[in-house]
Amino acid sequence: MAGPYFLFGPFTFDAERATLSRDGRRLDAGQRALGVLHALLNANGHAVTKAQLIDFAWPGAVVEESNLSVQIAALRKLLGPTSGGGDWIATIARIGYRFAGPVTVAEAAEESTAESAAVRPSVAVLPFDNLSGEADKEYFVDGITEDIIAALSRFRWFFVIARNAAFAFKHRTPAEVAQALAVRYVLAGSVRKSGNRIRISAELVDARRATTLWADRYDFEFGELFSVQDRITEQVVGAIEPELLKSESALAIARRRGVRDMTGWDLVHQGTWFFHQITRPTHLRARELFREARKADPQLAEAHAWLGRVSAGIAAYGWSEDEAADLREGIDAALKAVQLDEKNPYSHYALAITSVFAIEFDQAIRAAEKAVELSPSFALGHLVLGMARLYSGDALRAIGCLKRGLQLNPHDPQNFVWYNLLATALLLQREFDSAVQQATNALKVRPNWRPAITTALCCYQAMGQKDGARQCVERLSRCEPAADALGPLWRTNARWREEMTSLLRQAGWRPA
């Protein structure tokens, strides 16, 4: 087994080779600095003493603490700021240092080329355990399992073990199931009924690494039996589907190293990892990979869908040198994805999101509605439907869609955009307190993000809260300009644009 890869932001640290790369390009870093970085990454977010760092980077040598300080400074300069503007390495007073950013650890298995080119991740859903002690509720518990299997099967990213095969392993451990069915991931859970309350617990396990990727629990009033069952299914599937995608795209970066003949699926998985870093260089790199994937396998719907999706992102974030050409490429790719796999909700989502930025709102709404129809638990389908409705002038109907999407997937890396869209819709509906809260949620995902501060400023000004407005103006003066993905809204809704501009001017801020 080769050493692990540590993935953070646009960076990859190869522990076995002691190399650091950014966006796939190797960086020139000294051996001591990389040793310090390795020790910090190994600590899994915990503080590491200065003595421990010195022992790790200078084994068997006697060195001064000043040498460590020099290496820390070099690392900070090399890594630059995080997406939120902070340092990757935090100083812990009187102790040492801590790696402050989120890190994904991917084991690089020594696989053959054929094995490493394996395509879709496989998942088995174990029958949920009935903990209520009521034998007559067994059918309800099994029904939840069956619904989750059916819902996950709608996503073309995953190979889902059929119901009969999974049910044959009732009361077996995830490790036993993974080995017997040759799957990587296992979803297990339990149902407990007490009086008129139902508690559902579930966890997604990466059986190969014996780690839990995600776990949660849900409490419901029993109420209408089948309505509760549907809600459980939507919430569980809506939560685990993004976790599977995130895990697989991170692993793809690590395990495809050295494989020359990569499949379309390999390239798509790598592209999704870059896509979710949400910077201009990583978005452009993702587009290159999706284009390569389309060439490698022209019949792979996901390659076309992701090319459409990244094209919309490049336009939305203001990273395009030729927006019209990028959106034409995106819409063509999305239409091809729908043609190749019209039952894939991602294909319709790609068409919806590119159509929004091409000011084709009717087409966007139809495509988003189709995505939700195909998979009611598909968070992005609800979110893009809300976006399309908002941009078409229907802020009231947009609110419910955006809230639903964020409820289904509260941890998406791009939720700062969706939170700000919801804040904008609430602002336009004069729900100022709620709008400020959603703008704050956006800033929790991406601190000091200018568009969300702008939305909050408009809310405070509309409510006559001068202190809040003044603080927002001060924060805006320190922020770098940023595209807010709201361009189509302001271009097609002049009255709303004028109202927002007026509020900003009243607060003493002059938008560019």
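Every value quoted in this text rests on a predicted model; they were computed, and no experiment measured them.
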Under 30°, 30 to 60°, or over 60°: which ring-plane class applies to Phe13 and His38, parallel, tilted or perpendicular?
-> tilted
Check Ser320 against Ala315 and note the closest heavy-atom contact, atom names and distance.
-> CB-CA, 4.3 Å
Taking His46 for the side chain and Leu40 for the main chain, is one N or O donor matched with an acceptor at less than 3.5 Å?
-> no
Start with the C-alpha distance between Leu421 and Leu486, add both sets of side-chain angles, then the distance that settles side-chain contact (heavy atoms from CB on, under 4.5 Å), and finish with yes or no.
-> CA-CA 8 Å; Leu421 282 176; Leu486 288 166; 3.4 Å; yes
Evaluation steps, side-chain contact (heavy atoms from CB on, under 4.5 Å), between Gln363 and Leu351 = CA-CA 8 Å; Gln363 178 169 273; Leu351 179 58; 3.7 Å; yes
Distance-minimising heavy-atom pair for Ala439 and Ala452 = CB-O, 3.7 Å
Looking only at atom types and distance, does a side-chain atom of Ser392 sit under 3.5 Å from a main-chain N or O of Arg389, one as donor and one as acceptor?
-> yes
Looking only at heavy atoms, which two atoms of Ala352 and Ala368 are closest? And how far apart?
-> CB-N, 3.8 Å
So, Asp326 versus Ser311: side-chain donor-acceptor pair below 3.5 Å or not?
-> no
Counting only heavy atoms not in Arg76, do more than 12 sit closer than 6.0 Å to its CZ atom?
-> yes
Validation row, ring centre Phe11 to ring centre Phe6 under 6.0 Å | no
Min side-chain heavy-atom separation Arg287-Ile314 under 4.5 Å | yes
Return yes if some donor-acceptor pair links the side-chain N/O of Asn415 with the main-chain N/O of Trp418 below 3.5 Å, else return no.
-> no
From Ile353 CD1 over to Leu327 CG, what is the distance, rounded to the nearest 0.5 angstrom?
-> 10.5 Å
Please test Glu321 against Arg280 for salt bridge (charged side-chain N to carboxylate O under 4.0 Å, His left out), starting from the C-alpha separation and ending with a verdict.
-> CA-CA 11 Å; Glu321 296 182 357; Arg280 187 176 190 275; 3.5 Å; yes
With respect to Gln414, which candidate in Val445, Leu380, Ile278 satisfies the side-chain contact (heavy atoms from CB on, under 4.5 Å) definition?
-> Ile278
How close do Phe8 and Leu20 get, heavy atom to heavy atom, and via which atoms?
-> CZ-CD1, 4.1 Å
Compare all side-chain heavy atoms of Thr212 with those of Leu204 and state whether any distance is below 4.5 angstrom.
-> no
Which atom pair, heavy atoms only, marks the closest approach of Gly381 to Val372?
-> C-CG2, 3.5 Å
Side chains of Val310 and Trp306 in contact at under 4.5 Å (non-hydrogen atoms) = no
In this structure, CZ of Phe357 is separated from CD1 of Ile331 (nearest 0.5 Å) by 11.5 Å
From NZ (Lys336) to CZ (Arg294), nearest 0.5 Å | 10.0 Å
Verdict with supporting geometry, Tyr346 and Phe378, ring pair (Phe, Tyr, Trp, His ring centres under 6.0 Å) = CA-CA 9 Å; Tyr346 278 97; Phe378 183 42; 4.9 Å; yes
Between CG of Leu289 and CG of Leu307, what distance do you get to the nearest 0.5 Å?
-> 11.0 Å
Is atom CZ of Arg217 surrounded by more than 12 heavy atoms (other residues, nucleotides or ligands) closer than 6.0 Å?
-> no
List the steps, then state whether side-chain contact (heavy atoms from CB on, under 4.5 Å) holds for Phe128 with Ile200.
-> CA-CA 9 Å; Phe128 279 33; Ile200 307 293; 4.0 Å; yes
Are any side-chain N or O atoms of Arg309 and backbone N or O atoms of Ala350, one a donor and one an acceptor, separated by less than 3.5 Å?
-> no
Report yes or no: does Asn448 contribute a side-chain atom to a donor-acceptor pair with the main-chain N or O of Cys479 at less than 3.5 Å?
-> no
Can Asn344 and Glu302 be counted as having a side-chain donor-acceptor contact under 3.5 angstrom?
-> yes
Do Tyr419 and Leu402 touch side chain to side chain, with heavy atoms closer than 4.5 Å?
-> no
Are any non-hydrogen side-chain atoms of His348 and Leu374 less than 4.5 angstrom apart?
-> yes
Measure up the Phe290 and Phe275 rings against each other and bin them: parallel (under 30°), tilted (30 to 60°), perpendicular (over 60°).
-> tilted
Could you check if a side-chain atom of Leu187 sits within less than 4.5 angstrom of a side-chain atom of Leu126, using non-hydrogen atoms only?
-> no
Between Glu360 and Ser355, does any side-chain donor sit less than 3.5 Å from a side-chain acceptor?
-> no
With distance as the sole test, does Asp322 use its side chain to make a donor-acceptor pair with the main-chain N or O of Ala325 at under 3.5 Å?
-> yes
Check the pair Arg291, Glu329 against side-chain contact (heavy atoms from CB on, under 4.5 Å), reporting the backbone distance first and the verdict last.
-> CA-CA 10 Å; Arg291 285 171 173 170; Glu329 180 181 30; 2.9 Å; yes
Rounded to the nearest 0.5 Å, how far apart are CG of Leu390 and CG of Leu422?
-> 9.5 Å
Closest non-hydrogen contact found for Trp88 with Gly80 is CD1-O, 3.2 Å
Qualifying salt bridge (charged side-chain N to carboxylate O under 4.0 Å, His left out) pairs, either residue in residues 310-320, two or more places apart | none
Check: Thr279 and Tyr317 side chains under 4.5 Å, non-hydrogen atoms = no
Taking the side chain as every heavy atom from C-beta outward, state whether Val123 and Val186 have any pair of such atoms under 4.5 Å apart.
-> no
Going from NZ on Lys343 to NZ on Lys370, what distance comes out if it is rounded to the nearest 0.5 angstrom?
-> 9.0 Å
Verify whether one side chain among Thr455 and Asn420 offers a donor that lies under 3.5 Å from an acceptor in the other.
-> yes
